[in-house]
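Have a look at the structure below, then the notes.
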Amino acid sequence: MSKKVNIGIPRKLLIDEVKRVANLLIKVPTMEDYDKYAKIGRAVTCEKKFGGWKNFLIAASFDPSASRITHNTDELKNEFKRIATMLGR
């Protein structure tokens, strides 16, 4: 089932939907998350309605940077070392 871009969806309805998706995922949703789990609108609709995904998340009282995946550099280095050791390198 394909969702249509509908600029006529009220802003409050989109905000309520992104909050529902966030509660479902237990994290701030990315655009991809929203498109996968939202029942109302699409991420592009939210972008158009709010002037960007970041603005949409702010309007929904989310920290936009929380939707980005971040990794601790030391944790990544340790994981690479662990995998290299496991592979015998």
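Heavy atoms only: backbone and side chains are in, while hydrogens, waters and symmetry mates are out.
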Open item on the list: How close do Gly41 and Leu14 get, counting heavy atoms only, and between which atoms?
Closed with: CA-CD2, 4.5 Å

Task: side-chain contact (heavy atoms from CB on, under 4.5 Å) partners for Ala60, two or more places apart - done: Ile15, Val18, Lys19, Phe62

Open item on the list: Evaluate Tyr34 against Leu57 for side-chain contact (heavy atoms from CB on, under 4.5 Å), listing each step before the verdict.
Closed with: CA-CA 11 Å; Tyr34 190 86; Leu57 293 178; over 6 Å; no

TODO: Quick one: name the residues clustered hydrophobically with Ile83, using the 4.5 Å side-chain heavy-atom rule over I, L, V, M, F, W, Y, and just say none if it's on its own.
DONE: Leu87

Open item on the list: Among residues at least two apart in sequence or on other chains, which ones pass side-chain hydrogen bond (donor to acceptor under 3.5 Å, both in side chains) with Asp16?
Closed with: Lys12

TODO: Working to the nearest 0.5 Å, report the span between OG1 of Thr30 and NZ of Lys36.
DONE: 10.0 Å

Open item on the list: If I take atom CG from residue Leu24 and atom CZ from residue Arg20, how far apart are they, to the nearest 0.5 angstrom?
Closed with: 6.0 Å

Open item on the list: Under the rule for side-chain hydrogen bond (donor to acceptor under 3.5 Å, both in side chains), what residues qualify as partners of Glu47, not counting sequence neighbours?
Closed with: none

Open item on the list: According to side-chain hydrogen bond (donor to acceptor under 3.5 Å, both in side chains), who are the partners of Arg11, at least two apart in sequence or on a separate chain?
Closed with: none

Task: By side-chain contact (heavy atoms from CB on, under 4.5 Å) - contacts of Leu25 (at least two apart) - done: Val21, Lys27, Pro29, Asp33, Tyr37

